Novice: 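Before I ask anything, let me first share the structure, which is written out below as structure tokens.
Sequence lines set the chain letters: A, B, ... in the order given, protein chains first and strands last, and positions in each chain run from 1. Everything numeric here is computed off the predicted structure, so don't read it as measured data.
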Number of protein chains: 2
Amino acid sequence: MRIDDESSGDVTDVAKVPTSADVAREAGVSQSTVSYVMSGKRPISSTTRRRVEEAIARLTYEPHAGARALAGHRTSTIAIVMPLRPTSSAQRLMTFVEEITLAARERDYDVLLVTADEGPAGLRRVVGRSLCDAVVVMEVGTTDERVTIAREVRAPVVVVGIPEDGDGVDCLDFDFAGAGRLLVEELADLGHRAVDVVGWDPDVVADGYNYVPRFTRGATSAAEDRGVELRWHLPADAPGLRTTLEQVCAPRPEPHGLLLVRAFPEVLRSLSEHGLRPGRDVDVVALASDTEAQAHDLTATATRPREVSRRVTARLFALIDGDAVPGRAAAETVPAELVRRGSTRRP
Amino acid sequence: MRIDDESSGDVTDVAKVPTSADVAREAGVSQSTVSYVMSGKRPISSTTRRRVEEAIARLTYEPHAGARALAGHRTSTIAIVMPLRPTSSAQRLMTFVEEITLAARERDYDVLLVTADEGPAGLRRVVGRSLCDAVVVMEVGTTDERVTIAREVRAPVVVVGIPEDGDGVDCLDFDFAGAGRLLVEELADLGHRAVDVVGWDPDVVADGYNYVPRFTRGATSAAEDRGVELRWHLPADAPGLRTTLEQVCAPRPEPHGLLLVRAFPEVLRSLSEHGLRPGRDVDVVALASDTEAQAHDLTATATRPREVSRRVTARLFALIDGDAVPGRAAAETVPAELVRRGSTRRP
DNA sequence: TTGTATGCGTTATCAC
DNA sequence: GTGATAACGCATACAA
């Protein structure tokens, strides 16, 4: 074994990446002291602290994440399991990811991305391999195997969505039922007795995302309460969509109400091509992001991804810190809010 | 130290996560054999292999990623540095992330997400801490400090975008100049001598993303070649946008050409409210994703995020495998293609 | 074809 | 307030 004295470097030394031992030598302290300076887990005299910090800066030392994880039993990483397809808008997903990542960075955590096409195995893998300390599962289905696994796994898991059997799992989501109710009530308030609803694509419905039936239930129950008839249309490619548009844009004797679960540009374009102007000839409400709703001037409820993300990360870090018991809290729901814009007449 | 015999477990043993040593004991082989079975880096007799694999299955063993990284000097992780805001569409970014993640998983790599708000430090951090083996930097600016750091850092970096000084860095992007050229030429072919262009928001321009000037150069040079006059409009909130819309929707004596750098719903809506129908009263071309273009029935060039991602990952893994020399290849560009839809008359 | 032994760079428990 | 030192779980050079 080669002796490690300070003058042993060859002339053509490759720039080795410095370790905490190098920092210790440079600062004239022990390696463990360097570790404690970084973690702050024990009192350090200000002079040693300064010398160590200067050595760190001189060598541009960075701790090895793997070694840390191995010795410290924590990775400082959280995993996000993404949904299979952009079922809600890509915008919404990006907002989630962005918000969670920023919150993580504030605590010096990193974010690992897992695609849902790995299925339940992905969840098992990232915690099994100790790739993360906690997991966020986005957009779970009504019955989702990953919810079961969330209970078995030895890391905290927060689930976005309200699955059928969510007992013992930390669930959290936007209140889609409340949104459905709010949108129908708005049209009812405007005097509509019948409402056309353009719902989700059949394949989105088939995926079993639980927010679809929740929204539907909210809308349906509000419709019953207010004596409104809901006529559901499912958009699809070419022919199916055309039929929907014809029905939705057909001339009516009475005022017409339209509820969109997304800001379908095709539908809005079709309306205007038929001479129907939102806010004048037809009242249109939608489930859409603020950005979309603004661009299309739609009265809408946004699904508030930022607020949901905030609560997700709060819950997650509470679990990580041991400030909360896993699966103990009831499913949490972020209330819906309606913003009126030009696509509806004023009540 | 406690002796590690097989009957030492207390009655109330917490389920310890198994290590390769546990697998070895269970299979009656040495720990190194387990390692070699998993890596395939040396020949193993079929009987041993079977016994080890069965033991792995019985114990549901998963290797500890940190320990692997420490001992193996590789993390099997690639990092993606995201842009600050969704400058191009969120859809486009999600597609990038999705495509890169899938390609990574095919090689048993994971993906770490880094937000650009960390700035150049983020790039330094993830490779300094050995959190990844390689990095993709999304949407670099015309002059971007991260490009400089990409050269210094000891891990392969592929950059999406064509920065001013990209020498010695692996750059790759969609051919925005070609797209600008293509779109202008299409309008020229339709007989337009003057074209209104609705460009990027001023704050996007201010961010210095280099695809903006590239697109502009392509469009401008095509306009000069074809004797077309380009009138640039920059959208903005409320008042600015209103002015733009008035100018763009003003009645004209001659046929009118319109080029959008995004599928601005506000602009399209405004057109139809002014009774101007794309493909009849005005020819509209756009830089927009297939999804958007289809929804709005726009003649458009897509920015092909999937194809760009494919080339990014190909390049990245070539660098990781040592099949390519870093910074050696010229900047690579994915050609633009135009798809005609209902928003333009047939030539 | 398999086993032994060492080191990877931290954290954390002792001792002083 | 600081310094040795034993894990942590795996990869791999060296033996057999």
Novice: Do A:E53 and A:R58 touch side chain to side chain, with heavy atoms closer than 4.5 Å?
Specialist: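 Side chain of A:E53 against side chain of A:R58, heavy atoms only: no contact under 4.5 Å found.
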Novice: Looking only at side-chain N and O atoms, does A:Q31 offer a donor or acceptor that is under 3.5 Å from a partner on A:S20?
Specialist: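 Short answer, yes.
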Novice: For D:dG3, take OP1 and OP2 only and decide whether either is under 4.0 Å from a side-chain N or O of A:S30.
Specialist: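 It does, given that an N or O in the side chain of A:S30 lies less than 4.0 Å from OP1 or OP2 of D:dG3.
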Novice: Quick one: A:K16 NZ to C:dG7 C1', roughly how many Å, whole number?
Specialist: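 Value for this atom pair: 12 Å.
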Novice: Could you state the CG-P distance from B:D22 to D:dC8, rounded to the nearest angstrom?
Specialist: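 After rounding, the reported distance stands at 11 Å.
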Novice: Scan B:V34 against the nucleic acid and name what it touches under 4.0 Å (heavy atoms): base, sugar-phosphate only, or nothing.
Specialist: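 Nothing: the residue B:V34, judged by heavy atoms under 4.0 Å, touches no strand.
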Novice: At under 4.0 Å between heavy atoms, what does A:S130 touch on the DNA or RNA strands: base, sugar-phosphate, or nothing?
Specialist: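 No contact at all - A:S130 keeps every heavy atom at 4.0 Å or more from the nucleic acid.
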Novice: Could you state the atom-to-atom distance from CZ of B:R74 to P of D:dG9 in whole Å?
Specialist: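 In whole Å, D:dG9 P lies 21 Å from B:R74 CZ.
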Novice: Between the base of C:dT10 and the side chain of A:Y36, is one N or O donor paired with an acceptor at under 3.5 angstrom?
Specialist: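 Check fails, no donor-acceptor contact within cut-off.
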Novice: Tell me whether the OP1 or OP2 atom of C:dT10 has a side-chain N or O from A:S20 closer than 4.0 Å.
Specialist: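 For A:S20, the contact criterion (side-chain N or O under 4.0 Å from OP1 or OP2 of C:dT10) is met.
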Novice: What's B:S32 touching, base or sugar-phosphate or nothing? Going by heavy atoms closer than 4.0 Å.
Specialist: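 The residue B:S32 makes base contact.
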Novice: The side chain of A:H73 is closest to which nucleotide in this list: D:dC8, C:dG9, D:dT2?
Specialist: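 The answer is D:dC8.
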Novice: Of the listed nucleotides (D:dA11, D:dG3, C:dT1), which one gets closest to any side-chain atom of A:V29?
Specialist: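 Looking only at heavy atoms from C-beta outward on A:V29, the closest nucleotide is D:dG3.
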Novice: Any heavy-atom pair between the side chains of A:V137 and A:V157 that's under 4.5 Å?
Specialist: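 Touching, per the 4.5 Å side-chain cut-off.
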Novice: Decide yes or no, distance alone: a donor-acceptor N/O pair under 3.5 angstrom between the base of D:dG3 and the side-chain of A:R42.
Specialist: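 Between D:dG3 and A:R42, which were checked side chain against base, a qualifying N/O pair under 3.5 Å is present.
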Novice: Can you tell me the distance, in whole Å, between the NE2 atom of B:H64 and the P atom of C:dG9?
Specialist: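 Roughly 16 Å, once rounded to whole Å.
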Novice: Side chain of B:A67: nearest nucleotide among C:dT10, C:dT2, D:dG9?
Specialist: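 The answer is D:dG9.
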Novice: Nearest to the side chain of A:Q31, which nucleotide is it out of C:dT11, D:dT12, D:dT2?
Specialist: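 The answer is C:dT11.
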Novice: In terms of side-chain heavy atoms of A:A71, which of C:dG9, D:dC10, C:dT2 is nearest?
Specialist: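 Looking only at side-chain atoms, A:A71 lies closest to C:dG9.
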Novice: Of the options C:dT10, D:dG3, C:dT11, whose atoms approach the side-chain atoms of A:S35 most closely?
Specialist: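 Out of C:dT10, D:dG3, C:dT11, the nucleotide with an atom closest to A:S35's side chain is C:dT11.
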Novice: Would you mind reading off the distance between A:R68 atom CZ and D:dG9 atom C1', rounded to a whole angstrom?
Specialist: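 Distance, rounded to whole Å: 18 Å.
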Novice: Measure the CG-CE distance between A:L93 and A:M138 for me, rounded to the nearest 0.5 Å.
Specialist: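 Going from CG on A:L93 over to CE on A:M138, the span is 5.5 Å.
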Novice: Round to a whole Å and report the spacing from CD of A:E62 to P of C:dT10.
Specialist: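 Spelled out: CD on A:E62 to P on C:dT10 is 11 Å.
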Novice: By nearest atom, which of the nucleotides C:dG9, C:dA12, D:dT2 is closest to the A:K41 side chain?
Specialist: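 Nearest to the side-chain atoms of A:K41, counting from C-beta on, is C:dA12.
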Novice: Once you round it to whole Å, what is the distance between P of D:dG9 and CG of A:L131?
Specialist: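 In whole Å, D:dG9 P and A:L131 CG are 15 Å from each other.
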Novice: With DNA chain C as reference, determine whether A:V17 or B:T47 sits nearer its 5' end, using the nearest nucleotide of each.
Specialist: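 Its nearest nucleotide lies further toward 5', so the answer is B:T47.
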Novice: Would you check if A:R129 and B:R68 make a side-chain contact, meaning some heavy-atom pair closer than 4.5 Å?
Specialist: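 Side-chain contact under 4.5 Å: yes.
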Novice: B:I80 versus B:V111: any side-chain heavy-atom pair under 4.5 Å?
Specialist: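 Yes. Closest side-chain heavy atoms under 4.5 Å.
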Novice: Consider the side chain of B:L70, meaning its heavy atoms from C-beta on, and name the nucleotide among D:dT2, D:dC10, C:dC8 that approaches it most closely.
Specialist: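 The answer is C:dC8, which lies nearest to the side chain.
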Novice: Under 4.0 Å between any heavy atoms, over every strand shown, what does B:S45 touch: base, sugar-phosphate, or nothing? Just pick one.
Specialist: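 If one applies the 4.0 Å heavy-atom cut-off, B:S45 turns out to touch the sugar-phosphate alone, with no base involved.
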